[in-house]
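Just so you know, ligand 1 is whichever comes first in the structure, and atom 1 is the first atom listed for that ligand. Numbering of residues begins at 1 and proceeds along the displayed sequence. Given the structure is predicted, the values throughout are model-derived calculations rather than measurements.
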Amino acid sequence: MKKHFCPCTPKTAFERYELSQGLLAKRCPSCAAVLLALEDYRQWRDRHFPEIPVAEPAAVPGQEEHSKVRVCPSCQHIMGRYRTGSAESFWLDYCPGCQLVWLDKGEWAQLEASDLALHLDTILTERWQRLIKERKTLSFRDALLEKRFDAESLPEIRRVKNWLDAHPRRKDILVYLGENH
Ligand SMILES: [Zn+2]
Ligand SMILES: [Zn+2]
């Protein structure tokens with residue numbers, strides 16, 4: 001990997017760093033941010049963990065940060081942001097062009113604690129990001145439902161909705177109900 005600089009303090013060069021046993025990355029000695037090449041990560045994982053279980057998005061503890069935008073230390077383009085999990089989860093920064101992952105201080109430890117350290121490349125897929133979005137929408141809708149209706153009606157509303165969603169004439173029924181209130 002060529003020489004990279006961290007923007008935290010002007011011209012702090014990243015230094016060679018062993019992120020996990022046998023996994024070489026780079027680390028800023030000033031802010032402890034880690035720069036990880038996805039290719040190095042994949043090789044390390046495949047060598048040490050040839051069989052990994054399939055992961056599903058879950059809640060990953062961590063601060064939601066929406067505003068912060070990172071610039072790739074290699075190509076200077078803005079890095080993409082990827083949610084690690086549903087609910088309150090932190091975001092990973094990744095440059096698809098350079099295939100570089102940026103980990104803020106402590107984020108690798110959080111991934112390990114959430115059993116996601118072996119699924120870094122899965123997190124960066126469209127499928128994972130889409131699943132998280134769907135789950136977030138679902139839990140948001142659930143929260144709205146619980147706010148608007150009493151506890152007794154909730155199971156009935158959910159039952160009717162499931163029945164309706166599976167019905168081949170769902171649209172017609174909805175139109176009919178809409179016309180009759
Ligand atoms: Zn730094
Ligand atoms: Zn880049």
Side-chain angles (χ1 to χ4, degrees), residues 1-140:
M1 221 194 275
K2 65 176 187 185
K3 209 167 176 63
H4 293 123
F5 293 93
C6 181
C8 67
T9 336
K11 289 274 168 190
T12 306
F14 280 93
E15 292 173 355
R16 233 172 100 93
Y17 178 69
E18 194 168 11
L19 187 56
S20 191
Q21 206 189 348
L23 176 57
L24 283 184
K26 288 181 148 201
R27 183 171 167 269
C28 167
S30 174
C31 71
V34 168
L35 211 52
L36 176 63
L38 199 59
E39 190 51 38
D40 293 343
Y41 165 79
R42 282 195 179 122
Q43 281 180 13
W44 164 81
R45 191 202 44 205
D46 295 347
R47 197 169 346 115
H48 293 269
F49 309 93
E51 279 180 41
I52 11 166
V54 177
E56 284 298 323
V60 178
Q63 217 47 42
E64 291 254 12
E65 303 159 78
H66 293 283
S67 53
K68 208 176 54 188
V69 167
R70 284 228 173 270
V71 170
C72 173
S74 186
C75 69
Q76 314 305 323
H77 285 104
I78 287 176
M79 298 181 97
R81 318 215 63 210
Y82 298 79
R83 276 185 192 282
T84 50
S86 50
E88 296 284 307
S89 309
F90 67 96
W91 300 62
L92 282 181
D93 300 286
Y94 173 64
C95 175
C98 305
Q99 304 222 322
L100 277 179
V101 181
W102 175 294
L103 296 159
D104 281 327
K105 183 184 180 180
E107 285 184 345
W108 177 257
Q110 271 177 300
L111 288 176
E112 282 183 320
S114 318
D115 284 331
L116 287 174
L118 298 180
H119 300 284
L120 198 53
D121 47 0
T122 310
I123 292 173
L124 302 174
T125 59
E126 237 173 74
R127 182 187 163 270
W128 185 273
Q129 294 304 310
R130 200 185 55 237
L131 278 175
I132 287 175
K133 251 191 214 157
E134 285 168 8
R135 277 170 202 219
K136 281 188 94 75
T137 311
L138 277 181
S139 55
F140 179 71

message = What count do you get for protein N, O or S atoms closer to the Zn ion (ligand 2) than 2.8 Å?
response = 4

ask   = Hey, is NE2 on His77 packed in by over 12 heavy atoms from elsewhere, all under 6.0 Å?
value = no

message = For Gln76, I'd like to know if atom CD has over 12 heavy atoms of other residues, nucleotides or ligands within 6.0 Å.
response = yes

ask   = Among all residues two or more places apart in sequence or in another chain, which pass the salt bridge (Lys or Arg N to Asp or Glu O under 4.0 Å) test with Asp115?
value = none

request  = Identify the two heavy atoms, one from Trp108 and one from Ala117, that lie closest to each other, and give their separation to 0.1 Å.
outcome  = CH2-O, 3.8 Å

request  = Rounded to the nearest 0.5 Å, what's the gap from CG on Leu36 to CG on Leu19? Could you check?
outcome  = 6.0 Å

key: Straight-line distance of Glu107 CD to Thr84 OG1, nearest 0.5 Å   = 8.0 Å

note = Shell check on the Zn ion (ligand 1): protein N, O or S atoms less than 2.8 Å away are Cys6 SG, Cys8 SG, Cys28 SG, Cys31 SG

query = Quick one: ring-ring contact (aromatic ring centres under 6.0 Å, His included) pairs with a partner in residues 6-41, sequence neighbours left out?
reply = Phe14-Trp102, Tyr41-Trp44

inquiry  = Any carboxylate oxygen within less than 4.0 angstrom of a Lys/Arg side-chain nitrogen, looking at Arg70 and Asp104?
reply    = yes

note = Paired with Cys95, the side-chain contact (heavy atoms from CB on, under 4.5 Å) test is passed by just one of Pro73, Cys75, Ser74, namely Cys75

